[in-house]
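Reading through the structure tokens given below for one structure.
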Amino acid sequence: MNGITRLYAENDVLANNNVDFEVLENEIHAVVGENGAGKTTLMKILYGLERADSGNIVFKGKEVSIHSPLDAGRLGIGMVHQHFCLIPEFTIAENVVLGIEPLKRKFFFDSERAVKNVREVNEQYGFQIDPALRVSQLTVGQMQLVEIIKILYRKADLLIFDEPTSVLTEQQINRLFSTLRKLIKIGKTIIIITHKLNEVKEISDRVTVMRKGRVVAVKKTAEIDERELSRLMVGKRVIFQFERDPMPPGGVVIELKDVTLREKGQERPLLDKVNMQIHSGEIVGVAGVGGNGLGELEDVISGLREVSGGVILHNAEDITRLSSLSLRERGLAYVPQDRLFRGSSLQSTVSENMIISNHHLFLKGGVFKKKEVQAFTDELTQHFSIDGDTKALIATLSGGNIQKVILARELATRSDFFVFSEPSWGLDVACSEFIYSKILEIRKQGVAVLLISSNLDEIQGLADTIVVMYRGRVVCSFPNTRDLSRELIGEYMLGLRDDYQKIS
Amino acid sequence: MSENGFSLPLIHNTVGIMTPFLLAATGGLFTELTGMLNIALEGLMLIGAFFSVVFAAATGSLFLGILLGIISSMLVALLFGSISLYLKANIFISGLATNLLAAGLTVVLSFQLFGSKGVIRFENISKLPELRIPFLQKVPLLGDLLIGHNILVYLSWLCIILAAVVIYRTPFGLRIRGTGLSSPTITSLGLSPTGYRLKAILISGFTCGLAGAVLTLNLGAFVPNITSGRGWIALVVIYLGNKTPLGIVIASFVFGFAESISNYAQGAINIPADFILAFPYMITVSAMILYSVWRHYREYGK
Amino acid sequence: MVRKKLSSVFINSVGLIITLGIAFLIAIFLIFVLSSTPARTIYYFFIGPFTNKYYFGNMLNTAVPLVFTGLGIAIAFKSSIFNLGGEGQVYSGALIATVVCLSLPNANGYLGGALALISGLIAGSVLAGLSGFFKMKWGTNELISSFLISGAVVLIVNYFITGPLDDPGNSLLTTCAIAEQYHLLKIFPPSKLNISTFFGILSAGLVFFLMFYTHWGYEMRMCGLNREFSRYGGINVSTYLVMPMALSGALHGLAGGISILGTYHMCVKEFSFGMGWNGIAVALIAKNHPLGVIPAAIFFAYLDAGAKAAMLHSDVTFEIAAIVQSIIFYLVTAQAIYSFIKFRKRAPA
């Protein structure tokens, strides 16, 4: 792939900026990078799910145009998506042959031959799975295997895996890797997208590192160590220097005790006995790579998802099973990661969005005091210099302004506990700094702050205490000091270090 | 046994009466499996009813009447499908539109052609031939119930068997089911869910046309709004039958039996006919609620 | 920002005009095909409802129950809930109102009348509220459950009208007539237009106020637009599965009640058929805006009245209206038309 550029017109994000990417035949090639580095976009272009704005693709020495997954399939390119494309009610065999079903008597679907064909694929590659099973009965690892069988059945030579290990357990990952090695032995080529460096080391022959839509390095895996990779991935960035006055530690506002969250049918818990304390006037920064429980922590602590075990205390009272409504009444303010669906209602006006957290303050006998609502929104708009008409739909505002609306609204509630999740994601420097100054301001007022972020600059710049999560568990927790190296935190984030090694 | 005096003819009648439900539900099953709520069954059936009897009278041939009735119904289904799928209209509203169009069009045409908006009799139409299929008579216990129906009744059985085969034994059926269960998966394989949906709508046009023909050709007449909610009931039949061909046969029988009893009940037994007709609705809604309760507790534990 | 808002209004109105334009063109085409005196038919079809007080008043009177059912559907749609049980809710509201009037033959007209209307309202509200309750409690699909409940209720109401409550002295299948003092005051004789018109206007105003000025309206709309956001903001989301449904049913029940007290004075079998379905169309044409429901209902009634006038004075049949209505149904939600307009508007820029 040469000079691939993909611009998302909707939000002016350059997902791929003049990317050159090369895979050699019969190698396992890892593509690594942080969230939003453009790995998935690049692969979707290769698989025909997205179109490049410029650039070209050369496959087996010939320039090709791939407009749809069908084209990709014809060329022998298959992709296993992060989210499986399977029909749970169908059997494995039915899922595998769907679209190119074997026939008997020219008209009927030959289910026996479908099973037989899949068995043949299984034998050829040494998979052990009964094609007659229903997909809904399978574990996540087995479903992934079905996806692999599906593309092998379609005679793919180049297999793309998008973060294949993110949903798997340790044993399943090992099994997947031995499968991948088997495939290489018989001449297939594999691209694997991941952000887990130990996996890169373990499985790949070469690695391409991406950052912010660009390729920053292409190396032989054997010639590079994990620390070097980690440095390439996160890059050297300027750490903002904030005036973070030392604060006398206040009382515990929020405490999590053994908080656990399980999803049905998944072996590994999404949150695994998380313990945490947040004091008044303290910012606890939780860092971690996507998919390691950060989002789940956010959901649980804001009362939007019920925990499977453990307790959450607020001022020493149990709030574990309270609804988000009662939590808000008790003084929770919350800036969510998902701004567009959880944080705002796009088809409502700016003003309607501004009063969601405290609309009951503007009522007289159930009727809104429109003037006060207007005064309130006008004041916030001005104070936070939000660019936009308060009577227009919030969807007409830019991303930064939408985030400011959310921030303004949450800051206007009287709260003693504040959750920020990825508060500056995708925002420009000025906007981010504005938000940081606000976070430090409420810290000064004695609010307990939970800052969940995958951005290390943010965590290091703001937090009093740094907590790192890996695979749903807290792997370290220590006070933030200036001389703390980001490499060290990075090693915790990537699972290379663990202070609370599981006793098993 | 003394009850046989009325119960046998009653059930024999039921087998005849359930035919329109069975046919409409057979086609509706296809659209339902592709994940669409097809409320146009009623209108499509009405179109089939009108045009089959009119064309039968005009051509003097039952076969041509039925064929042209089905074609008319499929044409309206094509209109309904294209507007829903290609103009992206809300399928529910365009379904309502189809029902309204059918009701309006049939009356307007009958007024224009025959100068009447009431019952139109066609004297020259021959009766639907009744069949006595010998091997059915030999079926133990049921033999007497299965014979002596008109040809369309047997055709409806053929349709549901064919439907079962197509749905479970052909690639087309596999893809139809796949479309309803997970259309993104179908798209990811490079197949077109829209295409399968349109085909399903056309199939429902076919069977509804036939269902309509059953109503009018039995009678040799067209009565305005002769379907009187049978298309809606067919929809209920699909749900009550748990979206399977066998379930649909049983559910159609339940509704056919209710209607048959209510015909018989006038004066004979004490339960009012309307109650009997309301009964299947209540069964269906209760079944639906129980199902959702069960699913709720399975997903959320206690 | 203001420009963008205007343009969405623009797109909606152009889309509506195109829809109505196509429908009228088809009406004219049908008349030319079907009528031997097309000019006369077209005249009565389009102008007929305005030619005398009787037609005009009756047209407005037809619109009144449609205002109620349209409002009921608009409330449900605004909350992203589907009420397909309108038919049964109207019909049962009408029956209950009739029964109350019949069982109090000598009561005061205002008190008894109010009681009758409120009973009808409650009947509709309970029927619809049930579906909302099942949805809240177990996630039962309210679209199908409301439709099925309504299907059963229609048959049961039929039974009461033709059975225990049937008026043996009347050849129609109907209940006995309600007492004179319950009849709503006529305001535009000789037509049947009565003071329920004002109830309709008042209700539209009230629903508008409720939706855009009150706490409940705000929470309801937010739940309708984005449930996740509402839950995040601390709104009790499950309330807003039941409440809009119950309100919607109440308005349907009321539509039934006022039809009895204002127009029919007795519960005739199947008299209300179509009011529920047409309410859906009215709400969609009005884009679920409570004040838009009034012109949309009048437009629907106008089509009806025009077809009736054309039938009386010319050689076409009334059902032409159904065909024209069906064209409007077909096109009114067609997304493709609106995106086409958007596309055309953007293209030159």
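Everything numeric here is computed off the predicted structure, so don't read it as measured data. Scope of the values below: all heavy atoms of this structure, side chains included, with no hydrogens, waters or symmetry mates.
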Please rank B/Ser84, B/Gly95, B/Ala278 by heavy-atom pairs under 4.5 Å with chain C and give me the top one.
B/Ala278
Okay, C/Val153 and chain B: the region with an atom under 4.5 Å from a heavy atom over there is neither
Polar side chain donor-acceptor pair, C/Glu87 to C/Ser150, under 3.5 angstrom:
no
Would a distance-only check, ignoring hydrogens and angles, find a side-chain to backbone donor-acceptor pair under 3.5 Å from B/Ser110 to B/Ser116?
yes
Identify the two heavy atoms, one from B/Pro20 and one from B/Ile17, that lie closest to each other, and give their separation to 0.1 Å.
CD-O, 3.1 Å
Separation between OG1 of B/Thr227 and CH2 of B/Trp232, rounded to the nearest 0.5 Å:
11.0 Å
Whether the side chain of C/Asn83 engages the backbone of C/Gly85 through a donor-acceptor N/O pair (distance < 3.5 Å, no angle test) should be reported.
yes
Please report the C-alpha distance between C/Phe160 and C/Tyr91 in whole Å, then the side-chain angles of each, then the deciding distance to 0.1 Å, and finally whether the ring-ring contact (aromatic ring centres under 6.0 Å, His included) criterion is met.
CA-CA 12 Å; C/Phe160 281 105; C/Tyr91 204 25; over 10 Å; no
Side chains of C/Ile73 and C/His252, heavy atoms from C-beta outward: is any pair under 4.5 Å?
yes
Examine whether an atom of B/Thr106 lies under 4.5 Å from a heavy atom of chain C, and if so say whether it belongs to the side chain, the backbone or both; otherwise answer neither.
neither
What option among B/Leu235, B/Asn99, B/Ile83 has the most heavy-atom pairs under 4.5 Å with chain C?
B/Ile83
Most contacts with chain C, counted as non-hydrogen pairs under 4.5 angstrom, among B/Ala103, B/Ala97, B/Gly229
B/Ala97
Residue-level interface, residues 300-315 of chain C with chain B, non-hydrogen cut-off under 4.5 Å
C/Met311, C/Asp315
When every non-hydrogen atom of B/Gly209 is compared with those of B/Ser73, the smallest separation belongs to N-OG, 3.4 Å
Measure distances from C/Tyr330 to the heavy atoms of chain B and classify the residue's part below 4.5 Å as side chain, backbone, both or neither.
both
When B/Thr98, B/Val293, B/Leu277 are compared by non-hydrogen pairs under 4.5 Å with chain C, the top option:
B/Val293
Tell me, for B/Tyr86 versus chain C, whether the close heavy atoms (under 4.5 Å) come from the side chain, the backbone, both or neither.
backbone
For B/Leu105, is it the side chain, the backbone, both, or neither that has a heavy atom closer than 4.5 Å to a heavy atom of chain C?
both
Which word best sums up how the rings of B/Tyr281 and C/Phe147 line up, parallel for under 30°, tilted for 30 to 60°, or perpendicular for over 60°?
perpendicular
Interatomic spacing from CG in B/Leu240 to CE in B/Met288 - rounded to 0.5 Å
12.0 Å
Atom group of C/Phe318 that falls short of 4.5 Å from chain B, counting heavy atoms
both
Does either side chain, that of C/Ser35 or that of C/Thr41, offer a donor lying less than 3.5 Å from an acceptor on the other one?
yes
Any side-chain to backbone donor/acceptor pair from B/Arg230 onto B/Ile226? Under 3.5 Å, distance only.
yes
In terms of heavy-atom pairs under 4.5 Å with chain B, which of C/Asn158, C/Ile156, C/Leu34 leads?
C/Leu34
Check: residues 269-287 of chain C side-chain donor-acceptor pairs under 3.5 Å, at least two apart:
| unit_1 | atom_1 | unit_2 | atom_2 | d |
| --- | --- | --- | --- | --- |
| C/Asn278 | ND2 | C/Gly274 | O | 3.3 |
| C/Lys287 | NZ | C/Tyr338 | OH | 3.2 |

What residue, out of C/Leu148, C/Leu143, C/Leu331, has the most heavy-atom pairs lying under 4.5 Å from chain B?
C/Leu148
Under 4.5 Å to a heavy atom of chain B? For C/Ile328 that would be neither
Between B/Leu37, B/Ile93, B/Val236, B/Val285, who has the most heavy-atom pairs with chain C when the cutoff is under 4.5 Å?
B/Ile93
Tell me, side chain or backbone of B/Ile233 under 4.5 Å from chain C's heavy atoms, or both, or neither?
neither
